[in-house]
Number of protein chains: 2
Amino acid sequence: MIHDNSQSHHNHNQCIKTALATAETLCTEQGQRLTKVRRRALELIWESHRPLGAYQLLAKLAEEGFNSAPPTVYRALDFLLNAGLIHKVESMNAYLGCAHADKAHKGYFLICDQCHNVMEFDYQDIHASLIEKAAQQGFELRSETIELIGLCASCQSAAASAGASA
Amino acid sequence: MIHDNSQSHHNHNQCIKTALATAETLCTEQGQRLTKVRRRALELIWESHRPLGAYQLLAKLAEEGFNSAPPTVYRALDFLLNAGLIHKVESMNAYLGCAHADKAHKGYFLICDQCHNVMEFDYQDIHASLIEKAAQQGFELRSETIELIGLCASCQSAAASAGASA
DNA sequence: AGAGTTTTGTTATGGTATAACAATTAAAAC
DNA sequence: GTTTTAATTGTTATACCATAACAAAACTCT
Ligand SMILES: [Zn+2]
Ligand SMILES: [Zn+2]
Ligand SMILES: [Zn+2]
Ligand SMILES: [Zn+2]
């Protein structure tokens, strides 16, 4: 596992702080500009481990005085996606901060359909199997969308105790 | 591999014919009604191995005299999805016929980003790894979105010969 | 035929994303 | 440090994806 976002009792301020620091470093190294709106978008996405929709993000930015037209948010998202600082969760049309942006990778996600928290998981072995699978069909793999939907541990226990008391 | 949709030289009429026959059988068995618009939607989706967008499908249906409001097509799509006769490709917001609708499964896809053909591949071993991975996080898996993007064999050779001649 | 159920028609609206071009701001060149 | 150039942001408009809500029609079962 790459990043423990157990969602219940972790120091989430630390998540944000680390992510922002990494973003700074990466952008500086690569001569990319982490402008105000881009930085703030990243912070807002990192406010939780729930993926954030583009228009939700746009609303938050607008509240803070940023321009409120869609291109504002989609440009920021494009930048952050290209920089590897966030991922798009395709099955939710929403965006999630990446906790290990320093390593090039595609996000592999566990999505809880109860609490909507999403955690990213490590995948080297699955990645290898997928490349092989694809190669068997003569297919040259470039990118992956791996999204697993289900119940996270804490929602399972919540459901269990609710069931017991009912 | 479950279904060879090599896209270049296979008998695609056979694909459609088989898919429609399977659809008939399944619907009859389960007391589901494959109405005109549902059947025609399925045929139109099966016209190629490229996923079809809801509004593309709607336009085709409208040309043929079906009602042209969005609910028409989304209802047909819902029916076909629930019946397991088609899959949704999340990363494309588009719909694809399933060639083995008789077995309950989630679609695992290889998507060519050159020609946009999509083929479904078998996944039992990957599926098992994913369940295990999820379980390691205390996660109970319910559903999966697995979409691999890259270059199919024929687009690779096309690119290779183009490169050689240039 | 009548009652109940499923399917379809219709209108309206909400949510996601991009095109195109102008204005501004930051960086690079001189 | 002013000019030139490139990157970013502002603005308007539009395209594409999907669902809510309620009315009408068609089918099923008795
Ligand atoms: Zn956190
Ligand atoms: Zn990541
Ligand atoms: Zn075919
Ligand atoms: Zn399938």
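Residue numbering restarts at 1 for every chain, and letters A, B, ... go by the order of the sequence lines.
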Once Watson-Crick and G-U wobble pairs under 3.5 Å are found, how is DNA chain D written in dot-bracket notation, 5' to 3', with | for any base paired to another strand?
-> ||||||||||||||||||||||||||||||
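Computed from coordinates, the A:Glu90 CD to C:dA17 C1' distance equals 12 Å when rounded to whole Å. A:Leu34 has its CG atom 11 Å from the P atom of D:dT8, to the nearest Å. Counting to the nearest Å, the P atom of C:dG15 and the CG atom of A:Leu58 are 13 Å from each other. Taking atom CG on B:Asn67 and atom P on C:dT11, their separation rounds to 9 Å, with Å as the unit. Here D:dT8 presents its P atom at 16 Å from CZ of A:Phe66, a figure rounded to the nearest Å. Remark: C1' of D:dT9 and CZ of A:Phe79 are 14 Å apart, rounded to the nearest angstrom. In this entry the distance linking CG of A:Leu57 with P of C:dT16 reads 12 Å, nearest Å.
Judged purely by atom type and a 3.5 angstrom limit, B:Thr25 uses its side chain to pair as donor or acceptor with the backbone of B:Ala21. At least one donor-acceptor pair under 3.5 Å links the side chain of A:Arg38 to the backbone N or O of A:Arg33. Looking at A:Gln156, its side chain does come within 3.5 Å of a backbone N or O of A:Leu151 through a donor-acceptor pair.
Candidate nucleotides C:dT11, D:dT9, D:dT11 were compared by shortest atom distance to the side chain of B:Ala69, and C:dT11 ranks first.
Partners of B:Ser91 according to the side-chain hydrogen bond (donor to acceptor under 3.5 Å, both in side chains) rule, which considers only residues two or more places apart in sequence or in another chain, are B:Glu147. A:Arg142 meets the side-chain hydrogen bond (donor to acceptor under 3.5 Å, both in side chains) test with B:Asp113; sequence neighbours excluded. When the salt bridge (charged side-chain N to carboxylate O under 4.0 Å, His left out) test is applied to A:Glu140, no partner is found at least two apart in sequence or on another chain.
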Tabulate protein N/O versus nucleotide N/O from nucleotides 17-27 of chain D, keeping only pairs under 3.5 Å, one per line.
residue	atom	partner	partner atom	Å
D:dA18	OP1	B:Lys88	NZ	2.5
D:dA18	OP2	B:Tyr74	OH	3.2
D:dA18	OP2	B:Tyr95	OH	3.2
D:dA18	O5'	B:Tyr74	OH	3.4
D:dA18	N7	B:Tyr55	OH	2.6
D:dA18	N6	B:Tyr55	OH	3.4
D:dA21	N6	B:Arg75	NH2	3.4

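Ring centroids of B:His105 and B:His127 are separated by 6.0 Å or more, keeping the two rings apart.
No donor-acceptor contact under 3.5 angstrom links the side chains of A:His49 and A:His116, judged on distance only.
Residues B:Leu42 and B:Leu85 approach most closely at CD1-O, 4.1 Å, considering heavy atoms.
Contacts between residues 21-29 of chain A and DNA chain C, counted as heavy-atom distances below 4.0 Å, involve no residue at all.
The pair A:Arg40-A:Glu43 meets the salt-bridge criterion, with a side-chain N (NZ, NE, NH1 or NH2) lying under 4.0 Å from an Asp/Glu carboxylate O.
The aromatic rings of B:Tyr55 and B:Tyr74 sit perpendicular to each other, their planes meeting at more than 60°, with 30° as the lower class boundary.
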